[in-house]
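Only one structure is covered here, and it is reproduced in the block below.
Numbers restart at 1 for each chain; the letters A, B, ... are given by sequence-line order, proteins then strands. As the structure is a computational prediction, the values presented were derived from the model and not from experiment.
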Amino acid sequence: MTMTSFIRKNRARWERLEALLTQYESKAPTQFGRETIRELSSLYRGCTSDLAYAQTYYPNTTLLQFLHQLAGRAHHQIYRSEPFSLTAFTRFFRYDVPEAARANLNYLALAVIIFLTAFALGLTAVSTDPGVAALVVPQPILEDIYAGKLWTQSLFSAMPASVSSALIFTNNISIAFLCFAGGLTCGGYTVLLLLLNGFILGVIFKLCADHNLLWPLFQFVTGHGFVELSVILVAGAAGLVLASALLSPGTYSRLDALNLRGKSAVRLALGCVPPLVAMGIVEGFISPAPSIPAWAKITLGLVLLATYWFYLLISGQRTVDVSRQAR
Amino acid sequence: MFGGKPMSTLNPSFWDDVRTPLSTPEQVDLQLEVANIGSRGLALMIDLSIRYGVFLVLYLLFGIATRFHLFEAEMTMGLKGFALLLIFIVFISEWFYFALFEWLWNGQTPGKRLLNLRVIKVDGSPVGWLEVVLRNFTRPIDSAGPMALVGLAFLFFQPRAQRPGDLAARTIVIRETPIDWKSFFPESKPIAEGQSVIPLLPQEVELLQRYRQRAGALTAPRRAELAATIRATLQPRTRGTYLEQGTLADAEWIEALAQRI
């Protein structure tokens, strides 16, 4: 067949396919009837066979280029990924996140060890030389502590609780996501973030202890602090999981391991968002409020801590049937 | 990028010449054009301009708003709401701008759409939310600020121009040239009654095809020059038809020929 008669014969089908694709690209597939979907798939198959023919007989032509693009676009529409649905969303937080946490408990433990080591280092560093504090703690906070009052009072009186809690949780989520992304630096950046945060916490605890502020500090952090720290450790674990794919891929190639464990790490990282939003609200509204008694804050903190770890370690165990549906 | 394969004669663009084969379940190899540094950098710049443009406007508005409430002890409700809005918009655009657009627009952001780029999985299927989050949350370490040098190096040396985030998510960025059906010929209607078909080789048809695609964008003298060259090349093929005589102008002669093949 000459190229021109090939085009004359099939062109109408290609144009129809393109018209259908233009519709498909802007709407969800559920908005189309069964007939159009069938038509699309048969036009697509026709297009790929035309493409195969053209590849053999008309190499290096505009025709071939057009057919490649047309088949490529149709391929995108036919082999679509799962669209967003509420079921997929709830499934993610109910099953996928805790499952990813339970599958990576060793990395979580490693994150805890790194953090605690840095915390202990911070404590001892300030005991030996109080000057260390000036290196890692901002000046205004240091001045408040030396003056014998908690910096949170001046910080939280400066702006409304809603604004401060929004600032707190967006900042914390950013840190959590950075912990995750740092995994791609072979974990270097993740470990650095964990060390720095642990170290600063150690320094501040020691400073507050030295200036008789331990009880006010405890009162302030107890409501949100336990869960907030846990979540940052989970985010650190997410980064370490990503790093492990690069450092010890096991029987997989590094790229395969990165893809496989990356998915697990993404689940851990995204799972950090809701608890951090909640803790931001607690930290903005409840923790600095002088009217709420200490025992209430402590109870709240412990209940939240227990809930969070129950969620990660115990809840969301799939039965066999659910996991079948999931994929 | 000029890695690996020789530059295809067909390629409409000069810099995006790396193609990646993709096997479909229908046993046909699709050739897709891998987007390279030039177009991806430009798309990134467009996206960043949009993001920071929005920040700038909001920031100025916020500045003006606070200026007039500067001496009030309490923030008003409106100002408080505005501050919250600002915080959320900055945060969401910081982490979710790329991810949300690529997820909702099937692998495109505004910048990518302008440059006809699209993110797809390495196996050719569209990206899902997991890939999109994985490839975009890793931006701080491969395409933000000074770390962009890392991404740049990968775009240069990785054969399919995948940055670390792309490698982790198994995605590639491809360039889709829109199909120009108007200049593509022949039409689907058969040749008019009583006229014979002038047989041309595929390369000769291709010559006409490319001339017709470019003709609209050329200046008149240049178009006439090209038409004359093409006519000189194809004239011998029209022996025995009315096209052999030289009554028509070059451009019209080519159109008449296009109707007969």
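Contact annotation for A/Ser174: both backbone and side-chain heavy atoms come within less than 4.5 Å of a heavy atom of chain B. With a 4.5 angstrom heavy-atom cutoff, A/Phe169 touches chain B only via side-chain atoms. Contact annotation for A/Leu63: both backbone and side-chain heavy atoms come within less than 4.5 Å of a heavy atom of chain B. In this structure, chain B has no heavy atom under 4.5 Å from any part of A/Leu246. Looking at B/Ala169, the atoms closer than 4.5 Å to chain A (heavy atoms on both sides) all sit in the backbone: N, CA, C or O.
Under the 4.5 Å side-chain criterion, counting only non-hydrogen atoms from C-beta, B/Leu84 is in contact with A/Ser162.
With sequence neighbours excluded, the residues forming a side chain to side chain contact (heavy atoms under 4.5 Å, CB included) with B/Ala256 are B/Tyr242, B/Leu243, B/Leu248, listed by chain and number. For the side chain to side chain contact (heavy atoms under 4.5 Å, CB included) test, no residue two or more places apart in sequence or in another chain qualifies with B/Ala148.
A/Thr61 and B/Gln209 are not linked by any side-chain donor-acceptor pair at a separation below 3.5 angstrom, with hydrogens and angles left out of the test.
Listed in order of number, the residues of residues 136-145 of chain B that approach chain A to under 4.5 Å between heavy atoms are B/Phe137, B/Thr138, B/Pro140, B/Ile141. The contact list for residues 85-94 of chain B toward chain A, using heavy atoms and a distance under 4.5 Å, reads B/Ile87, B/Phe88, B/Phe91 by residue number.
With A/Arg73 contributing its side chain and B/Glu176 its backbone, the two residues share no donor-acceptor pair below 3.5 Å. In this structure a side-chain-to-backbone donor-acceptor pair under 3.5 Å is missing from B/Glu206 to A/Asn60.
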